[in-house]
Colleague: 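Take this structure first; my questions come after.
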Amino acid sequence: MSNLLAYIENNQSTYLEELKDFLRIPSISTDPERKGDIVRCAEWVAQGMKSVGLENIQIFPTDGHPVVYGEHLHAGKEAPTVLFYGHYDVQPVDPLHLWTSAPFEPTVRDGKIFARGAVDDKGQVFMQLKSLEAHLKTNGKLPVNVKVLIEGEEEIGSVNLESFLRKHAQMLAADTVLISDTAMFADEVPSLCYGLRGLSYMEVTVTGPNRDLHSGVFGGAVANPANALASIIAKLTDDYGRITIPGFYDDVLPLTPEERREYAQLPHDEAQYCKELNIPATDGEFGYNTLEKTSARPTLDVNGIWGGFTGEGAKTVLPAKASAKISMRLVPNQNTDDIAKKFEAYVRRIAPPTVTVEVSNLHGGNPAITPIDSKGVKAALRAMERAFGKKPLLTREGGSIPIVLLFQNILNAPVVLMGMGLNTENLHSPDEHFTLKNFYRGITASAYFYEELVK
Ligand code: BES
Ligand code: MN
Ligand code: MN
């Protein structure tokens, strides 16, 4: 066994304990009350970089949450430079009562570690840091130059990262960007991701009368904002699961017959999929299969909807306001700002004239396709094969990482999406977890990646 592999195997229990410390910090980026925890988490990451052996570690304040940077640039001018990117912020934990163990008290059950952020993305960030450590502790050096950038605003759209990237383009310059924030196709089916969807996240508020009213006294003459909101939402899609916003599909790159053939060959068990989710059948755009619908076609979803009386029992009331958070997943070559504008114009047009509507654009990100013939992807394929003992598949995924396209456009560096998560690991849901064998193999695969890159 190589020194590298032996080192990683011997340190598994230490890795687990350290990861638990990372997971105990409730770094929920969207919650203003967690600002202190976010700062504490950034400091934890900086300390983690230091103990790994990185240098020039800095915590950069931004208009939002801090960015943490570290580097190790001793492989020589001829050697390639890899920029690893990840995020230390996490999603909110509600509904809290559905968690088997508390979200910020990491617990191991069944070979999985349960905690908010376990797989998205703290576990995967930590895995990458440990792969660097394994090289540095066993060889005293890295095969390539490495820069590490860990941000705290990914889950709220990376709003301040674009300007950071532009401002520090020199410091961040790299030949390859490596990201571990995606999933494998399935357990024991390793894969690399080469496409992500984009996002436009909107909030719509419908306002009716100046106060909540008795629904018997006024109902019938005064428009009900909740009814109006429901009718607006109903008009956003048709019976074929297509989105009705004019111009919505204008820039959608259609799947080529070849791509569709490749999709058809991916293993997928529709009955098992439905059973695991406890749904009677799948839904969505007519004419596409489940894998296409969840990764290569755009969608529109209500994320939350509220207004009026939602307590227990019945209250007869005609609410003054109703709101919904509505997001659209985008595919190449749709543009998030363009789609947000089209959404707003259409919602205003279809809103009944008896109410007023406000539409705001909360955040967004553009879709991305990463090149599959880059040196980085080829090295990652070999590294995954060595660590998992199987040739990885190449897949596109439905989630979004807003900064990916900007790395390719601003830094001009191809991105490699080498994730070790599973889409069944409840990211953003209660009982988020990370399968430990994939966490450990991920450390090995990442360590191999740096070796393969210079082969
Ligand atoms: N890691 C996810 C994205 C992801 C998940 C990619 C699964 C591929 C497979 C990331 O942290 C995330 O959740 N992104 C948000 C984007 C955002 C702008 C809030 C998303 O996709 O909802
Ligand atoms: Mn993530
Ligand atoms: Mn996420």
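All residue numbers in this chain count up from 1 along the given sequence.
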Colleague: Just by distance, do the side chain of T244 and the backbone of L236 share a donor-acceptor pair under 3.5 Å?
Modeller: yes

Colleague: So which atom in L4 and which in A447 form the shortest heavy-atom distance, rounded to 0.1 Å?
Modeller: CD2-CB, 3.8 Å

Colleague: Could you tell me how the ring of F126 sits relative to the ring of W44: parallel (under 30°), tilted (30 to 60°) or perpendicular (over 60°)?
Modeller: tilted

Colleague: Of all heavy-atom pairs between L54 and L129, which one has the smallest distance, and what is that distance?
Modeller: CD1-CD2, 4.4 Å

Colleague: Assess, by modelled atom type and distance only, whether the side chains of S27 and D89 contain a donor and an acceptor separated by less than 3.5 Å.
Modeller: no

Colleague: Is the backbone of G64 close enough, under 3.5 Å, to the side chain of T62 for a donor and an acceptor to pair up by distance?
Modeller: yes

Colleague: Under a 4.0 Å N-O cut-off, is there an ion pair linking R386 with E452?
Modeller: yes

Colleague: Would you check if the side chain of Y194 reaches a backbone N or O of V377 as a donor-acceptor pair within less than 3.5 Å?
Modeller: no

Colleague: Would you say D337 and N361 are linked by a side-chain donor-acceptor pair, where the criterion is simply a distance under 3.5 Å?
Modeller: no

Colleague: Report yes or no: do E270 and T290 form a side-chain donor-acceptor pair below 3.5 Å?
Modeller: yes

Colleague: For a quick check under 3.5 Å, do E259 and T256 share a side-chain donor-acceptor pair by atom type?
Modeller: yes

Colleague: Within 45° of the ring axis of Y15 and under 6.0 Å from its six-membered ring centre, is that where the NZ or CZ of K130 lies?
Modeller: no

Colleague: Is the closest side-chain donor-acceptor distance between S180 and Q128 under 3.5 Å?
Modeller: yes

Colleague: Any salt bridge (charged side-chain N to carboxylate O under 4.0 Å, His left out) involving residues 38-50? Give me the pairs, sequence neighbours left out, ordered by first then second residue.
Modeller: D37-R40

Colleague: Classify the side-chain pair Y69/E71 by whether it contains a donor and acceptor separated by less than 3.5 Å.
Modeller: yes

Colleague: Could you pull out all residues at least two apart from K391 that satisfy salt bridge (Lys or Arg N to Asp or Glu O under 4.0 Å)?
Modeller: E385

Colleague: Verify the neighbour count for atom NZ of K167: are there more than 12 heavy atoms of other residues, nucleotides or ligands below 6.0 Å?
Modeller: no

Colleague: For T299 and K293, which I'm curious about, is there any donor-acceptor pair between the side chains at under 3.5 Å?
Modeller: no

Colleague: M49 pairs by side chain to side chain contact (heavy atoms under 4.5 Å, CB included) with which of I150, N56, L132?
Modeller: I150

Colleague: M328 versus P298: any side-chain heavy-atom pair under 4.5 Å?
Modeller: no

Colleague: Going by atom types alone, do E151 and S158 pair a side-chain donor with an acceptor below 3.5 Å?
Modeller: yes

Colleague: Check whether the side chains of Q408 and T370 place a donor and an acceptor atom closer than 3.5 Å, and report yes or no.
Modeller: no

Colleague: Can F22 and V45 be said to form a side-chain contact (heavy atoms from CB on, under 4.5 Å), step by step?
Modeller: CA-CA 8 Å; F22 193 11; V45 171; 3.8 Å; yes

Colleague: Give the C-alpha distance, both sets of side-chain angles, the deciding distance and a yes or no for salt bridge (Lys or Arg N to Asp or Glu O under 4.0 Å) between K325 and E203.
Modeller: CA-CA 4 Å; K325 292 185 191 281; E203 184 162 321; 2.5 Å; yes

Colleague: Can you confirm whether the side chains of E153 and H87 place a donor and an acceptor under 3.5 Å from each other?
Modeller: no

Colleague: Any sub-3.5 Å donor-acceptor pair from R116's side-chain atoms to S429's backbone N or O?
Modeller: yes

Colleague: Do H268 and N289 have side-chain N/O donor and acceptor atoms under 3.5 Å apart?
Modeller: no

Colleague: Looking at K20, I want to see if its NZ is surrounded by more than 12 non-hydrogen atoms of other residues, nucleotides or ligands under 6.0 Å.
Modeller: yes

Colleague: State, to 0.1 Å, how close G419 and Q124 come at their nearest heavy-atom pair, and which atoms those are.
Modeller: CA-OE1, 3.5 Å

Colleague: Does D251 reach the side chain of N335, with side-chain heavy atoms less than 4.5 Å apart?
Modeller: no

Colleague: With no hydrogens and no angle check, do the side chains of R329 and S400 hold a donor and an acceptor under 3.5 Å apart?
Modeller: yes

Colleague: Provide the closest heavy-atom pair for Y346 versus K235 in the form atom of the first, atom of the second, distance.
Modeller: OH-O, 3.5 Å

Colleague: Quick one: is the NZ or CZ of R382 closer than 6.0 Å to the six-membered ring centre of Y448, and within 45° of its axis?
Modeller: no

Colleague: As a quick check of understanding, evaluate side chain to side chain donor-acceptor pair (under 3.5 Å) for T435 and E425, giving each step before the final call.
Modeller: CA-CA 8 Å; T435 305; E425 289 179 325; 2.5 Å; yes

Colleague: With a cut-off of 3.5 Å and sequence neighbours excluded, list every side-chain donor-acceptor pair involving residues 72-84.
Modeller:
unit_1	atom_1	unit_2	atom_2	d
H74	NE2	E55	OE1	2.7
H74	NE2	E55	OE2	3.2

Colleague: Check this for me, if you would: do K455 and E451 make a salt bridge, where the nitrogen-to-carboxylate-oxygen distance has to be below 4.0 angstrom?
Modeller: no

Colleague: Among pairs that include at least one residue of residues 99-109, which meet salt bridge (charged side-chain N to carboxylate O under 4.0 Å, His left out), considering only residues two or more places apart or in two chains?
Modeller: none

Colleague: Filter on ring-ring contact (aromatic ring centres under 6.0 Å, His included), then keep only pairs touching residues 380-427, sequence neighbours left out; what's left?
Modeller: Y85-F407

Colleague: Apply side-chain contact (heavy atoms from CB on, under 4.5 Å) to L453 and F449, showing your working.
Modeller: CA-CA 6 Å; L453 207 54; F449 170 75; 4.1 Å; yes

Colleague: Quick one: ring-ring contact (aromatic ring centres under 6.0 Å, His included) partners of F434, sequence neighbours excluded?
Modeller: F439

Colleague: Could you work out, with salt bridge (Lys or Arg N to Asp or Glu O under 4.0 Å) as the rule, every residue matching K390, not counting sequence neighbours?
Modeller: E188

Colleague: Testing the basics here: between S191 and P392, what is the closest heavy-atom pair and its distance to 0.1 Å?
Modeller: CA-CB, 3.9 Å

Colleague: Search all heavy atoms of V93 against all heavy atoms of F104 and return the closest pair with its distance.
Modeller: CG1-CE1, 3.6 Å

Colleague: Please list, chain by chain and in numerical order, all residues satisfying side-chain contact (heavy atoms from CB on, under 4.5 Å) with A296, sequence neighbours excluded.
Modeller: L255, Y263, R396

Colleague: Under a 4.0 Å N-O cut-off, is there an ion pair linking K375 with D175?
Modeller: no

Colleague: Going by side-chain contact (heavy atoms from CB on, under 4.5 Å), name the residues that satisfy it together with S51, two or more places apart in sequence or in a different chain.
Modeller: none

Colleague: Apply ring-ring contact (aromatic ring centres under 6.0 Å, His included) to H168 and list each qualifying residue two or more places apart in sequence or on a separate chain.
Modeller: F60, F164

Colleague: Under a 3.5 Å distance rule, please check whether D31 uses its side chain to pair with a backbone N or O of E33 as donor and acceptor.
Modeller: yes

Colleague: Which residues pass the ring-ring contact (aromatic ring centres under 6.0 Å, His included) test with H135, not counting sequence neighbours?
Modeller: none

Colleague: Apply the test side-chain contact (heavy atoms from CB on, under 4.5 Å) to residues E154 and H65: give CA-CA distance (whole Å), side-chain angles for both, the deciding distance (0.1 Å), then the verdict.
Modeller: CA-CA 10 Å; E154 196 277 339; H65 303 318; over 6 Å; no

Colleague: As a quick check of understanding, evaluate side chain to side chain donor-acceptor pair (under 3.5 Å) for D187 and N438, giving each step before the final call.
Modeller: CA-CA 9 Å; D187 200 20; N438 293 335; 3.3 Å; yes

Colleague: Begin with the C-alpha distance, continue with both residues' side-chain angles, and end with the deciding distance and a verdict on side-chain contact (heavy atoms from CB on, under 4.5 Å) for Y273 and T282.
Modeller: CA-CA 9 Å; Y273 185 86; T282 52; 3.8 Å; yes

Colleague: Under the rule for side-chain hydrogen bond (donor to acceptor under 3.5 Å, both in side chains), what residues qualify as partners of S200, not counting sequence neighbours?
Modeller: T336

Colleague: Would you say E397's side chain and S295's backbone share a donor-acceptor pair under 3.5 angstrom?
Modeller: no

